[in-house]
Amino acid sequence: MTSGLHDQFGRRIEYLRISVTDRCNFRCVYCMPLEGLPWLPKSDILSYEEITEVVRQLAPLGLRRLRITGGEPTIRPQLDRLVAQLRSVEAVEDIALSTNGVRLPELAGPLRAAGLDRVNMSADSLRPDRIAAIARRSTHLDPLVSATAAEEAGLEPVKINVVVVRGVNDDEVEDFARLTLVHPWHVRFIELMPVGELGASGMDRVVPGGEILRRIGTVGVLEPSTGPRLGNGPAVYHQFRGAVGTVGVITPMSHTYCADCNRVRLTADGRLRTCLFGDHEVDLRTPLRAGEQLAPFVHRALAEKPAAHELLQLRVGGLSALSQLGG
Ligand code: SAM
Ligand code: SF4
């Protein structure tokens, strides 16, 4: 085995998604129940210093790229302090943030100044009444204002994630796609994963990636694209002829990306989760707080990283919302 972090199938692990909170200021219909979830006690949540220590110990093993997520990460106070600490870990090449965008107009500048590289923003509608209906909160989110704030702060590339839900927002895919004609943004359409409340509807609400591409094909001539220069994950990208941005589709329901999976997840309470779905995790908080080295625990977790997830069999390992894992 070559140096670095590898799992039992030889996949090189260099990407850590870090959930900094399980809480959220939204209650998106496809993600979190209206009444919320049984929140983690504060004492269970890793401090910024503890998160940084995990990254510091994983960096020599090959960790290079980080994504800060939640719940909604921007509701945790002083997130810029965490970004600055993570930035100080030398081997870390890329720090990204996943956010619902509502606080980006005020936070984009300070986060960029602290060392954040780029941002993925969720936006499921461009219509204020519908945004509020999906988030089930009276939000003041204007996705265009938030994405512009990120772009102007230098958080590039700006990616916009749209979870497409049949009968809820699938009539807006063309409007989202049109944004890429005039903005250097990367709009990614995500197939709904039927977990949580929408789990019961099974595949009925899922709009397959092929159908999304056919619909947005009415906006202009679509050509294959390599997509944004940074952070190419599981999205397959296209670009309208003459456009400045790109469109992508992420199709967890019609394809799996497991063969090339390079990621693991750290939950807000310090569990290293090696697959989004299924119960594959190791507690890092206990050894961390006992002052032990984490490498043996990490290697044990990776030895059990599954070959592929079981979502298509709708076996989701007790997961009731993606907010518990940061998506
Ligand atoms: N709160 C942040 C946000 O909304 O971007 C970060 C956490 S959120 C759980 C991460 C991503 O998971 C978001 O892009 C969200 O749209 C996506 N997500 C949540 N539930 C989903 C589902 N059932 N199917 C597909 N994507 C989902
Ligand atoms: Fe919150 Fe993000 Fe889940 Fe929406 S998708 S409820 S913003 S964690």
Side-chain angles (χ1 to χ4, degrees), residues 17-37 39-40 66-76 79 96-104 107 118-125 130-137 139 141 143 146-147 150 155 158-166 168-170 176 186-209 212 231 233-235 248-254 257 263 265-268 273 276-277 309 311-312 314 316 319-327:
R17 294 176 74 101
I18 302 168
S19 171
V20 296
T21 178
D22 57 334
R23 297 175 192 233
C24 189
N25 46 1
F26 284 11
R27 294 286 182 275
C28 300
V29 284
Y30 52 77
C31 182
M32 217 188 247
L34 190 55
E35 66 280 10
L37 290 161
W39 308 123
L40 294 166
L66 306 176
R67 172 169 301 281
I68 299 169
T69 176
E72 175 49 40
T74 62
I75 64 171
R76 187 156 168 185
L79 192 64
L97 173 74
S98 283
T99 174
N100 60 28
V102 74
R103 297 198 65 198
L104 273 180
L107 291 182
R118 58 198 181 86
V119 69
N120 283 16
M121 194 184 101
S122 300
D124 302 314
S125 174
R130 198 179 266 183
I131 292 173
I134 295 173
R136 297 187 291 188
R137 284 284 192 267
T139 92
L141 171 64
S146 292
L155 292 169
V158 174
K159 297 183 189 171
I160 298 177
N161 290 341
V162 185
V163 176
V164 185
V165 187
R166 195 179 298 286
V168 173
N169 64 349
D170 54 331
F176 272 107
H186 307 277
V187 173
R188 294 124 48 95
F189 298 101
I190 305 178
E191 285 177 352
L192 171 75
M193 295 185 254
V195 295
E197 273 170 58
L198 290 184
S201 57
M203 298 297 286
D204 295 354
R205 298 269 184 188
V206 177
V207 183
I212 295 170
V249 285
I250 301 179
T251 54
M253 297 307 294
S254 43
Y257 307 104
R263 59 192 59 190
R265 296 173 163 80
L266 184 67
T267 63
R273 181 118 177 165
L276 181 52
F277 300 105
H309 69 62
L311 176 64
L312 304 187
L314 296 179
V316 295
L319 184 66
S320 50
L322 260 64
S323 61
Q324 294 171 313
L325 296 175

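Every number for a ligand or one of its atoms is a count from 1 in the order of the listing.
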With backbone taken as N, CA, C and O and side chain as the heavy atoms from C-beta onward, which portion of T99 lies under 4.0 Å from ligand 1: side chain, backbone, both, or neither?
-> backbone
Heavy-atom donor-acceptor pair, [X] side chain to [Y] backbone, under 3.5 Å:
X    : Y    : answer
R76  : V20  : yes
R67  : R17  : no
D124 : V163 : yes

Roughly how far, to the nearest 0.5 Å, is the CG atom of L97 from the OG1 atom of T74?
-> 7.0 Å
Atom CG in L37, atom CZ in R23: separation rounded to 0.5 Å?
-> 10.5 Å
Any N, O or S atom of C24 closer than 2.8 Å to atom 3 (Fe) of ligand 2 = no
Would you check the N or O atoms of N120, main chain and side chain alike, for any that come under 3.5 Å of an N or O of ligand 1?
-> no
List every atom of ligand 1 that sits less than 4.0 Å from any heavy atom of T69, numbering the atoms from 1 in the order shown and giving each element.
-> 6 (C), 7 (C)
Atoms of ligand 1 less than 4.0 Å from N161 heavy atoms?
-> 14 (O)
Classify the side-chain pair E72/T99 by whether it contains a donor and acceptor separated by less than 3.5 Å.
-> yes
Do R265 and S19 have side-chain atoms, one donor and one acceptor, less than 3.5 Å apart?
-> no
Candidate pair F176 and N169, rule side chain to side chain contact (heavy atoms under 4.5 Å, CB included), full reasoning | CA-CA 11 Å; F176 272 107; N169 64 349; 5.7 Å; no
Would you call G71 a ligand 2 contact, heavy-atom distance under 4.0 Å?
-> yes
Residue selection (non-hydrogen contact nearest atom 6 (C) of ligand 1) among P252, S122, G71 = G71
Atom 24 (N) of ligand 1: of E191, R17, E72, M193, the nearest heavy atom sits on M193
Could you list which atoms of ligand 2 come closer than 4.0 Å to a heavy atom of N100?
-> 7 (S)
May I ask you to list the atoms of ligand 2 that are less than 4.0 angstrom from any heavy atom of C31?
-> 3 (Fe), 5 (S), 6 (S)
Quick look: C28 vs ligand 2, heavy-atom contacts under 4.0 Å, and the answer is both
Does at least one non-hydrogen atom of C24 fall below 4.0 angstrom from an atom of ligand 1?
-> no
